[in-house]
Amino acid sequence: MDHASRDHGLNRMTELLTDEVETGEPVRQRIPVAVLGATGSVGQRFVQLLEDHPWFRLHEVVASERSAGKRYADAAQWRLETSMPSKASDLVVRSLGDELESGLIFSGLDSSVAGEAEDLYADRGAVVVSNSKNHRMDPDVPLLIPEINAEHLAAIDRQRGRRGSRGYIVTNPNCSTIGLAMAIAPLERLFGIDALHVTTMQAISGAGYAGVPSYAILDNVIPYISGEEGKIESEPLRILGKWSGGHFVDASFRISAQTNRVPTIDGHMMTIALSLRKKPEANLIDAVRRAIAEFSGEPQELALPSAPRRPLHLVDEADRPQPRLDRDRERGMSVSVGRIRPCPILDIRMVALVHNTIRGAAGAALLNAELLEARGLL
Ligand code: NAP
């Protein structure tokens with residue numbers, strides 16, 4: 001991060017804090033935001049996480065024609081563990097394509113409509129922070145995990161030029177990709193990865209509310225999730241690659257992914273085996289454990305509101321991480337990594353767990369937007 005960006009971020013944070021102290025009304029200073037797809041699985045997480053957000057305030061909610069015109073409380077079948085925020089309940093759901101007042105828009109739209117709608121709002125001048133797959137691999141759209149590849153934000157200038165607008169899109173990766181990319185980032189940085197195999201066990205909330213019928217998933221495991229393996233085999237290479245000479249240059253290791261839907265509600269778990277290009281001479285397992293435990297990035301340096309203190313949480317118990325016990329670490333923003341041990345075929349094996357609708361979706365998008373604000377890009 002350059003000094004000017006960091007200074008802008010810190011000044012902006014000081015401004016917000018100062019204003020809170022002087023007026024006692026921090027709500028007025030928060031940036032009004034819209035959520036597209038606000039009634040869905042990811043959309044509801046946005047609404048929940050925005051309730052007490054210190055920088056952003058939920059101002060508009062948008063969903064399909066099935067929901068438009070209704071009060072949010074009547075349109076959304078609220079399924080989260082906390083009550084629906086009272087300020088959200090009375091918002092009237094807007095139609096996709098409506099003019100919005102918010103300059104910052106979070107998208108949790110179904111991918112059948114996300115691509116066009118996100119382009120529309122970015123072309124109109126809004127900053128769109130998206131969860132959907134549609135624009136993730138565009139040549140000038142950052143696929144962002146702030147702890148790993150904040151320098152990819154340099155692509156925004158090029159994107160603004162293409163659109164002829166001050167608006168732009170930033171995306172977060174697929175929910176399993178986020179857990180995988182975070183768990184392996186310190187290893188790629190220190191040792192270089194040669195090849196990797198990952199098998200996921202993904203929760204049903206990852207399929208959205210209409211998702212997997214109970215009759216199909218109870219007492220069962222489904223060894224197929226449409227399109228998922230391709231995303232997990234390509235997105236980490238973009239994330240762990242570089243922005244150089246005006247385009248993205250992917251990391252060059254090989255990934256093989258197998259994905260399974262399992263009957264947990266939240267939390268995608270994955271087993272990972274990988275080979276490294278350079279092996280430290282001293283104990284490899286200790287070096288890998290240290291690299292994971294010490295992993296940190298710009299969100300921690302800037303103390304962004306949604307940043308976990310430790311983005312990777314090393315778990316020592318032989319039978320952890322587990323979705324029910326570990327998914328909520330640091331409000332669902334920390335990825336748990338455990339069972340780090342030698343692999344008889346590759347070099348290392350381990351288990352990682354990510355909360356799919358928080359660090360894997362809405363929480364990740366909020367952290368992305370906080371980084372944009374801290375860098376003066378909103
Ligand atoms: P979901 O529960 O099915 O919600 C989809 C949302 O899109 C709903 O608000 C729905 O509104 C809206 N929508 C559907 N068709 C529409 C249309 N024609 N016009 C306007 N709005 C429309 O899906 P989800 O699981 O939240 O996923 C949302 C996006 O995030 C997807 O692209 C998904 O791939 C991605 N994602 C999901 C996860 C996860 O863990 N669930 C993680 C990462 C990324 P109505 O309620 O009015 O139909």
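Residue numbers start at 1 and run along the sequence shown. Treat the numbers as computed from the prediction; the structure is a model and nothing was measured. When a ligand or atom number is given, it counts from 1 through the structure's own listing order.
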May I have a table of the N/O to N/O pairs between ligand 1 and the protein that fall below 3.5 Å, each row giving the two atom names and the distance to 0.1 Å?
{"from": "ligand 1", "atom 1": "2 (O)", "to": "S41", "atom 2": "N", "distance (Å)": "2.9"}
{"from": "ligand 1", "atom 1": "2 (O)", "to": "Y209", "atom 2": "N", "distance (Å)": "3.3"}
{"from": "ligand 1", "atom 1": "7 (O)", "to": "D110", "atom 2": "N", "distance (Å)": "3.3"}
{"from": "ligand 1", "atom 1": "9 (O)", "to": "G37", "atom 2": "O", "distance (Å)": "3.1"}
{"from": "ligand 1", "atom 1": "9 (O)", "to": "T39", "atom 2": "N", "distance (Å)": "3.4"}
{"from": "ligand 1", "atom 1": "9 (O)", "to": "T39", "atom 2": "OG1", "distance (Å)": "2.6"}
{"from": "ligand 1", "atom 1": "9 (O)", "to": "G40", "atom 2": "N", "distance (Å)": "3.2"}
{"from": "ligand 1", "atom 1": "11 (O)", "to": "T39", "atom 2": "OG1", "distance (Å)": "3.2"}
{"from": "ligand 1", "atom 1": "21 (N)", "to": "S64", "atom 2": "N", "distance (Å)": "3.2"}
{"from": "ligand 1", "atom 1": "25 (O)", "to": "G208", "atom 2": "N", "distance (Å)": "3.4"}
{"from": "ligand 1", "atom 1": "26 (O)", "to": "S41", "atom 2": "N", "distance (Å)": "3.1"}
{"from": "ligand 1", "atom 1": "26 (O)", "to": "V42", "atom 2": "N", "distance (Å)": "2.8"}
{"from": "ligand 1", "atom 1": "32 (O)", "to": "L109", "atom 2": "O", "distance (Å)": "2.9"}
{"from": "ligand 1", "atom 1": "32 (O)", "to": "S132", "atom 2": "OG", "distance (Å)": "3.2"}
{"from": "ligand 1", "atom 1": "40 (O)", "to": "N356", "atom 2": "ND2", "distance (Å)": "3.1"}
{"from": "ligand 1", "atom 1": "41 (N)", "to": "S205", "atom 2": "O", "distance (Å)": "3.0"}
{"from": "ligand 1", "atom 1": "46 (O)", "to": "T39", "atom 2": "OG1", "distance (Å)": "2.6"}
{"from": "ligand 1", "atom 1": "47 (O)", "to": "S64", "atom 2": "N", "distance (Å)": "3.1"}
{"from": "ligand 1", "atom 1": "47 (O)", "to": "S64", "atom 2": "OG", "distance (Å)": "2.6"}
{"from": "ligand 1", "atom 1": "47 (O)", "to": "S67", "atom 2": "OG", "distance (Å)": "2.4"}
{"from": "ligand 1", "atom 1": "48 (O)", "to": "S64", "atom 2": "OG", "distance (Å)": "3.3"}
{"from": "ligand 1", "atom 1": "48 (O)", "to": "R66", "atom 2": "NE", "distance (Å)": "3.1"}
{"from": "ligand 1", "atom 1": "48 (O)", "to": "R66", "atom 2": "NH2", "distance (Å)": "2.6"}

*Take atom CZ of R331 as the centre, draw a 6.0 Å sphere, and report whether it contains more than 12 heavy atoms from other residues, nucleotides or ligands.*
yes
*Check the angle between the aromatic planes of W55 and H53 and answer parallel, tilted or perpendicular using the 30° and 60° thresholds.*
perpendicular
_side chain to side chain contact (heavy atoms under 4.5 Å, CB included) for E298 and R375? Distances and angles first, verdict last._
CA-CA 11 Å; E298 199 169 317; R375 284 194 168 208; 3.0 Å; yes
*Which pairs, with at least one residue in residues 149-158 and sequence neighbours excluded, count as a salt bridge (Lys or Arg N to Asp or Glu O under 4.0 Å)?*
none
*Flag, side chain of S336 to backbone of L353, donor-acceptor distance under 3.5 Å*: no
*Can you see which heavy atom on H152 is nearest to which on R238, and at what distance?*
CE1-O, 3.1 Å
